[in-house]
There are 2 protein chains.
Amino acid sequence: MLQCRMQLIFRAGIILDLDRSNNHEQPIRSIPILRRHKQPDPRPVSARRVTLTDIARGCGVSRATVSLVLRGSPLPAADTRTRVQAELKKQGYVYNRAAANLRQRRSSSVALVVNDLSNPFFAEFAAGVDEALGAAGYVTLLGSTSESPERQQRVLTSLMEHDPAGIILSPAEGSDGAQLQQILGTHVPVLVFNREPAHVQWTASHWDYLALANRRGAALATHHLLERGHRRIAFFGGHADSSSCRERRCGYADALAAAGIAVEPELLIETAPTRLDAAARTAALFVHDPAPTAAVCYNDAVALGLMLGLATRGMRAGRDFAVTGFDDIPEAAVSTPPLTTLASDPRARGHQAATRILERVRHPDIDAVRGSVPVRLIIRASSEATIA
Amino acid sequence: MLQCRMQLIFRAGIILDLDRSNNHEQPIRSIPILRRHKQPDPRPVSARRVTLTDIARGCGVSRATVSLVLRGSPLPAADTRTRVQAELKKQGYVYNRAAANLRQRRSSSVALVVNDLSNPFFAEFAAGVDEALGAAGYVTLLGSTSESPERQQRVLTSLMEHDPAGIILSPAEGSDGAQLQQILGTHVPVLVFNREPAHVQWTASHWDYLALANRRGAALATHHLLERGHRRIAFFGGHADSSSCRERRCGYADALAAAGIAVEPELLIETAPTRLDAAARTAALFVHDPAPTAAVCYNDAVALGLMLGLATRGMRAGRDFAVTGFDDIPEAAVSTPPLTTLASDPRARGHQAATRILERVRHPDIDAVRGSVPVRLIIRASSEATIA
DNA sequence: CCGATCTTTTGGAACGATCCAAGGAACTCG
DNA sequence: CGAGTTCCTTGGATCGTTCCAAAAGATCGG
């Protein structure tokens, strides 16, 4: 009955594991949180924050009045307002939003959890999210998971303790929806971006979902290669157990089917979604006899790796072999040759995600939205190779 | 006497400008904050957060006891602990760190303010910061400024209201230290990264400073080109009013001086630190007669732009002209030709920055630290061109 | 001058946690 | 048996804000 482990995470990354509740040998004494209390308050007394009460005392009105002035209520008389505002300025008052949020049972932050900021796609996305949230007066709580579901659980637990108004989550690969739902509960609005974790009960929670038009994008790329005359086209890279890879493969299959071509399993090649592994696995394209003349790649990193791998075999992408990518990372435009790929404007996606989660915060009860965002094909030299 | 404008920023980006306090024509009535109150609490009553009191009631103990159990104090009796823990799990309790922080007058977040997440250097840096902060149990409050000092003021004000334990700030170009200090006050620990704003009274505040070894790095690159036989070397890109550009120019001058070569002003060429502008201004290198044969570029973006500009003039970097960059962004390794540049491992810098700000949070009174982080020269093909 | 109305101000109880001093129960010991 | 110890538990004040109901002034008509 204690199947699912529930963990509460405290500051300094300390995990109080409730399942240990049977161990009575003081399993908890080792938790160092109380040590903190032994330290005197690190801030000197003079460093105390200026509060409403200080202002109120300073100009002889009540806290309530100062609060009203602060929030720009029309109630206070004009000269009271002036006096209070002068005092605010004089003492250098800084609003304590945490206290206000506590009282109002409201939150002014949104958590953003991404796998990897060093991926330019996510970095742009994060920039977009932060811009839009900031404009709406919200603050972004950042969390990154490095594609590790365990880290993701920890990060989410920690973020939840900060009571975000909503969560924008680009799940780590292999994350489990049930585990997520256990940590996130059913009440905080969640927008799942880009990837669909397994075992999510979409109906139980009202989670929104926003993903690129993976299927359509891959179909566009494949169709483009077909137009150039290619008939043996590989799908190169990614793991078949990630939802985005599966969707892209579907699009690839769609386009082939429309051209009356059957999908050949040996032309579906898996790699880690990194440049390095893609380069290393290039040879797998050429083991079967009529070798493919083109490849739709899982994403740009894979495509760049493949182009590297081709070069080491004496082939040049765009001349001897056609390559397409996915994401349009900045490098795609300046690689040699420049990479044909699918652009999705990740910064705009970030805006979109932020806008939607705020909308959901305002209206928690409307039905969940499953959205897909359009991508467009950017044709560059890497797909110029044609079939004579 | 009201020279400096002081602004208080409220949610939804509304600015209550205290200098308007003279306008009595209800300048404030337009502030829509009160509208919010008219909406009923958007969350259904059942969505209420589970609190300590709920748990206490649920298993017949006092709030204080539950709190002790939560924090892993050795005080509670073993069976009490078990009962409480069962109840915590049963009700799906989520710790409210904001409330705890309020009582404890402590903060568990650190603000990170960067110009531009879409710059891979800062993205990596942010990832490093978040990793290290997360490991220490802190949450990252993200803010981005898009290089605009005005946006930076707004963002910082908003972040300050969330009471961060410290701030890691990579200042927007052209930010003014005095304005920053006015908003940040003198008590919150600040770590200034990468760039030095003008007019900071470093002695008044205890701000730490962490920057790349700009001067030494540029000297390394220049020295490298000198070794290859170049004598006319330009410094290309950046604005002379940014501190990092000035420092890099100093290093460039150092190396030239060591080789007994005078700096020629016409070889100092300014550009915006972007690929595009650098490409556009390439011609400026070749207006004087013995034209330079090599250029030390302000950063990688500029260097990549310069290589593009050279190509349109029929020259190839690495063959006809030697180029070096700064930052070692991922593209540098895969451009054609690959770019000689200075690497600084931004992710590790992020760790370092986070570690230092936490150290400062623990010891607010030790002297401010001014640190510079080493860079190393990565030699690639773009600087291969030699003087016959 | 009194009550009615309107405008402005206010004290005190929240919000969800922690801290503290004090209380009760169970033991021990002389 | 009563005092002292140890172990565990607790009520109430507190953090900095907002909300609410009600008080205090001001204005006015009759």
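Only this structure's heavy atoms are used, side chains among them; waters, hydrogens and symmetry mates stay out. Quick caveat: nothing in here was measured; it's all calculated off a predicted structure. In the text below, chain A, chain B and the rest are named by the order of the sequence lines, each starting its count at 1.
When heavy atoms are screened at a 4.0 angstrom cut-off, Ala64(B) is found touching base atoms of the nucleic acid. Here Thr51(B) lies in heavy-atom contact (under 4.0 Å) with sugar-phosphate atoms only.
Checking dG16(C), dT18(C), dT10(C) against every side-chain atom of Arg105(A), the shortest atom distance belongs to dG16(C). Listed nucleotides dG16(C), dT17(D), dT10(D) differ in distance to Ala99(B); the shortest reach to its side chain belongs to dG16(C). Side chain of Arg71(A), nearest nucleotide from dT8(C), dT10(C), dT18(D): dT18(D). Residue Leu52(A) has its side chain nearest to dT18(D) when only dT18(D), dT8(C), dA17(C) are considered.
Between Gln104(A) and dC19(D) there is a side-chain polar atom (N or O) within less than 4.0 angstrom of OP1 or OP2. Contact annotation: Ser62(A) does not reach the phosphate of dT9(C) (side-chain N/O to OP1 or OP2, under 4.0 Å). In terms of phosphate contacts, Thr65(B) brings no side-chain nitrogen or oxygen within less than 4.0 Å of OP1 or OP2 of dT9(D). Contact annotation: Thr80(A) side-chain N/O to dT9(C) OP1/OP2 distance is under 4.0 Å.
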Report the C-alpha distance between Leu180(A) and Trp207(A) in whole Å, list the side-chain angles of each, state the deciding distance to 0.1 Å, and finish with yes or no for side chain to side chain contact (heavy atoms under 4.5 Å, CB included).
CA-CA 11 Å; Leu180(A) 289 178; Trp207(A) 291 4; 3.9 Å; yes
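If you take CZ of Arg97(B) and P of dA17(C), they are 11 Å apart, rounded to a whole angstrom. The CZ atom of Arg83(A) sits 12 Å away from the C1' atom of dT8(C) (whole-angstrom rounding). The distance from atom CG of Asn101(A) to atom C1' of dG16(D) is 12 Å, rounded to the nearest whole Å. Taking atom CG of Leu70(A) as the reference point, atom P of dC19(D) lies 13 Å away to the nearest angstrom. Note: CZ (Arg48(A)) to C1' (dC15(D)) measures 11 Å, nearest angstrom. Distance, Asn96(A) CG to dC15(D) C1': 9 Å, rounded to whole Å. Taking atom CG of Leu102(A) as the reference point, atom P of dC15(C) lies 9 Å away to the nearest angstrom. Rounded to an integer number of Å, the gap from Asp79(A) CG to dT8(C) P is 10 Å.
The minimum heavy-atom distance between Leu159(A) and Pro164(A), with the atom names listed, is O-CD, 3.2 Å. Arg360(B) and Asp367(B) get closest at one heavy-atom pair: NH2-O, 2.9 Å. Between Ser107(B) and Ala165(B) the shortest heavy-atom distance is OG-N, 3.1 Å.
Residue Leu75(B) is the one, among Thr53(A) and Leu75(B), whose nearest nucleotide of DNA chain D lies closer to the 5' end (criterion: closest heavy atom). Summary of the strand contacts: Pro76(A) and Arg63(A) both lie near DNA chain C, and taking for each the nucleotide with the nearest heavy atom, the more 5' one is attributed to Pro76(A).
If you check distances only, the side chain of Arg103(A) never reaches the base of dT17(D) with a donor-acceptor pair under 3.5 Å.
Ion pair Glu359(A)/Arg356(A) not flagged as a salt bridge, since none of the NZ, NE, NH1 or NH2 atoms sits closer than 4.0 Å to an Asp/Glu carboxylate oxygen.
Atom NZ in Lys89(A) sits 12.5 Å away from atom CD1 in Ile55(A) (nearest 0.5 Å).
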